[in-house]
There are 2 protein chains.
Amino acid sequence: MSLRYAALALLSAQPMTGYELVRYFDDTVGLMWAASDSQIYPELRRMERDGLVRAKTVPRGERAAKRQYKITAKGREALRTWVSTPIPYPPQRDVHRLQITYGELAGLSEARALLTQHLDHYTLRRHQWSTLLDTIKTARFPLLRRRLEGTPPEMHSRILAFKELALEGQVAHADNEIAWARRGLKLIDELEAAEAEEPDLRADLRE
Amino acid sequence: MSLRYAALALLSAQPMTGYELVRYFDDTVGLMWAASDSQIYPELRRMERDGLVRAKTVPRGERAAKRQYKITAKGREALRTWVSTPIPYPPQRDVHRLQITYGELAGLSEARALLTQHLDHYTLRRHQWSTLLDTIKTARFPLLRRRLEGTPPEMHSRILAFKELALEGQVAHADNEIAWARRGLKLIDELEAAEAEEPDLRADLRE
DNA sequence: GTAGTCATGTAAGAGGTTACATGATTAG
DNA sequence: CTAATCATGTAACCTCTTACATGACTAC
């Protein structure tokens, strides 16, 4: 159900077509809740069926048409309710941590590769999140501007504050994973050094 | 597919029945990769079909029977391959961060409730992870003992090192989320204080 | 005897992934 | 005219969730 509210959140800033929504998604809410276009189009239809959005068919060129979706009052209400309602935490599931738990089964160089991948992955994520954070802090994001234009000025600081808080959380998370991967890489170096100092042990391992 | 390898990892320590596996799960690998019993039993059958485990039917009391699963050589090999292979990162999905992103739509007290829930949740998780970490550091965990008994002594430090690394990652993650939730709660206090100082603003918001 | 634990599943459904499929419009 | 972009989906499959279902064993 989260996809529905991620989409609704975008539509609460301005009306748009499914295509535009798909485009915005990846740069904004998609950094918190990813979704593919094959998911988004059908969901928009369901939201329309449930009265959360209303679609207007607008001509596009000579022959084609596109559907522009606009959030309804019911949709705004549903979004507000969702945001205000505590959601149960999903079961813990982290493949990469599970993998490292049994790292002794891999060779040290394979384990090193896993942690290097982890480091690279979260470095990229950190970059994406902190980039968005910057554009929000300076209110350079077009969609955010539209949102601010549509709300009373007294609310502006709150709107910015919550978005910054969320993104700072993501950046901190990335930093944490980066630090962890480095710690792991250091650990592997130490394990390797310890082995190099004990030729008997190395002989044992080769058996 | 991760469920399969989480189960295989447990079975690589010692043979057990589906029921025992289910019990161990929640206290060990389940803290990294959660799974329900309704998932585990069918998966064990599929693993048997694929030759990763072999089941032996052992009598239980007079009339009943139970199936004890033992990892095969093929199973050990599959597990080692899985641990050594980098796994693509799943799409980012964090409902709670998404929710806070639009926190301005909720009231401040509702937003506070969300962050309090976050704090409580990760406090519990932190406790679970650090408890397991302690029992591992002191090698008090029975299953881990069995695992160590079944491996050459030179490998023992590695086995412990990787498990500690993984759990320390989880603990650090929990600490990070706890700190974030506290920062959020402080932010809400500040927003509230700022409003209290501006009676005009409060009047505006009441309209 | 009865409550708690041991033991093992099935079945319907939700949500997400991957691959496939199609065609108009516009900028160069 | 051709490539990129705009635009909108369907279908098969996989994984996980939730609810249901059953019954033997054991300690009291």
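Every chain is numbered from 1 and lettered A, B, ... according to where its sequence line falls, protein lines coming before strand lines.
- Mapped onto DNA chain C by nearest heavy atom, Arg23(B) and Pro42(B) fall at different nucleotides, with Arg23(B) at the one closer to the 5' end.
- At the phosphate of dG9(C), neither OP1 nor OP2 sits under 4.0 Å from any side-chain N or O atom of Tyr41(B).
- Each of dC25(D), dT8(C), dC16(D) was ranked by its minimum atom distance to the side chain of Lys66(B); first place goes to dT8(C).
- Arg67(A) has its CZ atom 14 Å from the P atom of dA7(D), to the nearest Å.
- A salt bridge is absent between Glu48(A) and Arg54(A): the closest approach of a Lys/Arg side-chain nitrogen to an acidic carboxylate oxygen does not fall below 4.0 angstrom.
- Each ring-ring contact (aromatic ring centres under 6.0 Å, His included) pair with one or both residues in residues 61-85 of chain A, not counting sequence neighbours, appears once here: Tyr5(A)-Trp82(A).
- How far CG of Leu8(A) is from CD1 of Ile71(A): 4.0 Å, rounded to the nearest 0.5 Å.
- As rounded to whole Å, 9 Å separates atom P of dC6(D) from atom CD of Glu20(A).
- Ion pair Lys137(B)/Glu168(B) flagged as a salt bridge, since at least one NZ, NE, NH1 or NH2 atom sits closer than 4.0 Å to an Asp/Glu carboxylate oxygen.
- When rounded to the nearest whole Å, the span between CG of Leu44(A) and P of dT8(D) equals 9 Å.
- Arg93(A) has its CZ atom 12 Å from the P atom of dT15(D), to the nearest Å.
- Look at Lys74(A) and Asp50(A) and you find no salt bridge, because none of the NZ, NE, NH1 or NH2 atoms lies under 4.0 Å from a carboxylate O.
- When each of dG9(D), dC25(D), dT17(D) is scored by its nearest atom to the side-chain atoms of Pro91(A), the top-ranked nucleotide is dT17(D).
- Using a 4.0 Å heavy-atom cutoff across all strands shown, Arg4(B) reaches no nucleic acid atom at all.
- For the segment residues 24-39 of chain B, residues with any heavy atom less than 4.0 angstrom from an atom of DNA chain C are, sorted by number, Ser38(B).
- Between the CD1 atom of Ile40(B) and the C1' atom of dG9(C) there is a distance of 13 Å, rounded to whole Å.
- With DNA chain C read from its 5' end, the first of the two nearest nucleotides for Ala65(B) and Gly61(A) is the one closest to Ala65(B).
- Note on Glu177(A) versus Arg126(A): no salt bridge recorded, every NZ/NE/NH1/NH2 to OD/OE distance being 4.0 Å or above.
- Within the nucleic acid shown, Arg60(B) comes within 4.0 Å of at least one base atom, counting heavy atoms only.
- Between the CG atom of Leu21(B) and the C1' atom of dG9(C) there is a distance of 15 Å, rounded to whole Å.
- If you take OH of Tyr89(A) and P of dT17(D), they are 18 Å apart, rounded to a whole angstrom.
- In this model, no donor atom of one side chain and acceptor atom of the other lie less than 3.5 Å apart for Arg76(A) and Ser12(A).
- Aromatic pair Trp180(B)/His118(B): centroids less than 6.0 angstrom apart.
- Neither OP1 nor OP2 of dT8(D) sits under 4.0 Å from any side-chain N or O of Tyr19(A).
- Closest to the side chain of Leu3(A), out of dG16(C), dT17(C), dC16(D), is dG16(C).
- If you take CD of Glu43(B) and P of dT10(C), they are 13 Å apart, rounded to a whole angstrom.
- Distances from the side chain of Arg63(A) to the nucleotides dA24(D), dT25(C), dT8(C) place dT25(C) closest.
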